[in-house]
Each structure stands twice: as structure tokens, then as C-alpha cells.
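Single-structure report; data block below.
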There are 2 protein chains.
Amino acid sequence: MFVRTPADLGAVIRDRRKQLKLDQAAFAKRIGVSRYWVILIERGHPRAELSLVLRALDALDIQLDAGVRETDRRRPRGVDIDAIVAKAKGGKS
Amino acid sequence: MFVRTPADLGAVIRDRRKQLKLDQAAFAKRIGVSRYWVILIERGHPRAELSLVLRALDALDIQLDAGVRETDRRRPRGVDIDAIVAKAKGGKS
DNA sequence: TGCTATTGTCAGCGATCGCTGACATATGTT
DNA sequence: AACATATGTCAGCGATCGCTGACAATAGCA
């Protein structure tokens, strides 16, 4: 599953927690956080702190893979648009 | 690249930002954040706020994929350890 | 229906966020 | 060296974090 919003993350966490048959209290204790925090996260709290989120994922054996999004493959490989533009930097404005 | 710590994330972000030839100021403006924030993130700030991080990744076209970590493949497929343990719940302790 | 486990809600608190904006330190180019 | 660009540092500020702990609401089961 791809994670683009805090809500996505909340869903991933909640699903996996249930999969592992952990209740909020047990889960919270495992990652060293309050149960309240778990509730907020699963609800999609946008301002949660990064390290806690990462610890939560780790505790659930969820791996985060960060990769470049390859939406369009219109251009042949080996062509660096930026480089071309830079070379022709007549009006950089 | 796998992201397990704030430092990992900082590295991913910094590398990609340079790949796109953005300086901190331009990058910060693009995601609606201060340049100071960018510096902290790239340094691996553990308490950064989630939504800003996600926006940063999005702005860099970095996709976050969350999947269950499959470290050991010792057991044949179809065997659910949890279920077995549950079934034999003589001493659940 | 009762009983239990689980989940959701809240106020008040200390701690820390992210911002600004000016200055210091690289880094690179001529 | 001189200059321009990029990156790193900091103090003070308002805003919000995550915690506690007790209670309310919901779900599951007999």
C-alpha cells in the first residue's frame, strides 16, 4: 500500500495492528507511547511526530520503501531534460 | 531505499532534492515550509511533523510503499504460527 | 439482558514544534 | 582575492504536541 497522507498511514497501522491481534493498549505499550497517541494516529493525525510513527511501523513489521515515482515514461532513457535546459540557458529568468 | 529512522528519511530527501537540482530555499518554498525546516529534516530531525514530511516526499516525487516485512522464509507457506499457538492455548501466559 | 474487553473523549500540563530574519560558514566561479 | 550562491546557526515567539487518568460509548459473548 502506498502512503501519501496521514490518513493512509492511519489505515495501514490500524489494519496491521488488528492483523496481529493487538489491542490499542498492548500496541501502545510495545512502542512506548500512550494509548491516546494510537487513537490519534489511526485517525490520521497530521502532526504526529516522525520518530514515533517510524517506531510504530517497526513494531508492526511494516517496511517503508521510498522510491522515485515513475509516472510517465514518455521520454527515452538517457535524456536529461534539466541538463538540456541548463545548456541552453540563454534566458534563465 | 528503506526508511527506518529519521536519518534515513533525511538522506532520501536530500539526495533526491539534489538530483532535482533544487536548493533548500526553492524546495522549502515548493512545499510551503521554511528553509530552516528543510535543514532540520535533512539532518534527521526525529520530531518533525508527519504531514510536512509527506508533503516533502510528494514534492520530490518520492513514493512511500508500506508493506509487511518478510524477513524469514523458514516456514512453508500457509502455516499461521499465531493460529497454531492459539489453538494450543493450554498455558497462554 | 448483563458482563467484559475494547475503543473513544477530554482538560490541563510541560515540552517542543516550526517560523522569522539576520548573520556565519562553506562552495564555486572568474 | 573577490564575489555570488548555497548551506548552517541561533533566540524568541505563538501554537501544538503527547501524556495522564477517569469516564462514556461501543462491540462481543454468555
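Convention: sequence-line order gives letters A, B, ...; per-chain numbering from 1.
The stretch residues 49-58 of chain B comes close to DNA chain C through Glu49(B), Leu52(B), each having a heavy atom under 4.0 Å from the strand. Contacts with DNA chain C (heavy atom under 4.0 Å) in residues 26-34 of chain B: Val33(B), Ser34(B), listed by number.
The listed nucleotides are dG8(C), dC17(D), dT7(D); the one nearest the side chain of Arg14(A) is dG8(C). You'll find that the side chain of Tyr36(B) is closest to dT20(C), out of dC17(D), dC17(C), dT20(C).
Counting heavy atoms from C-beta on, the side chains of Leu60(B) and Ile13(B) come closer than 4.5 Å.
Using a 4.0 Å heavy-atom criterion, one finds that Ala25(A) contacts no nucleic acid atom at all.
Considering only residues two or more places apart in sequence or on other chains, Asp61(B) meets the salt bridge (charged side-chain N to carboxylate O under 4.0 Å, His left out) condition with Arg69(A). Applying the side chain to side chain donor-acceptor pair (under 3.5 Å) rule to Arg14(B) yields the partners Glu42(B); only residues at least two apart in sequence or on another chain are considered. The side chain to side chain donor-acceptor pair (under 3.5 Å) search around Asp23(B) returns none, not counting sequence neighbours. Evaluation of the side chain to side chain contact (heavy atoms under 4.5 Å, CB included) rule for Leu40(B) yields Tyr36(B), Arg43(B), His45(B) as partners, not counting sequence neighbours. Checked against side chain to side chain donor-acceptor pair (under 3.5 Å), Ser34(B) has no partners two or more places apart in sequence or in another chain.
As a member of the Ile/Leu/Val/Met/Phe/Trp/Tyr network built from side-chain separations under 4.5 Å, Val68(A) groups with nothing else and remains a singleton. Hydrophobic cluster of Ile39(B): no remaining members, since no ILVMFWY side chain lies below 4.5 Å from it. In the hydrophobic clustering (ILVMFWY side chains linked at under 4.5 Å, chained through shared members), Phe2(B) stands by itself.
Remark: P of dT7(C) and CD of Glu42(A) are 8 Å apart, rounded to the nearest angstrom. Spacing between atom CD1 of Ile39(A) and atom C1' of dG21(D) amounts to 13 Å, rounded to whole angstrom units. As rounded to whole Å, 8 Å separates atom P of dC17(D) from atom CG of Leu40(A). One atom, CD1 of Ile41(A), and another, P of dC17(D), lie 11 Å apart when rounded to the nearest Å. Rounded to whole angstrom, the span from the CH2 atom of Trp37(B) across to the P atom of dC17(C) amounts to 13 Å.
The backbone N or O of Val12(A) lies less than 3.5 Å from no partner atom in the side chain of Asp15(A), so there is not a single donor-acceptor pair.
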Which protein N or O atoms sit under 3.5 Å from an N or O of nucleotides 4-6 of chain C?
residue: dT6(C); atom: OP2; partner: Asp23(A); partner atom: OD2; Å: 3.4

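For residues 25-37 of chain B, no pair satisfies salt bridge (Lys or Arg N to Asp or Glu O under 4.0 Å), with sequence neighbours left out.
Scanning atom types as modelled, one donor and one acceptor separated by under 3.5 angstrom connect the side chain of Arg35(A) and the base of dG8(C).
Listed pair His45(B) / dT16(C) fails the phosphate criterion, with no side-chain N or O lying under 4.0 Å from OP1 or OP2.
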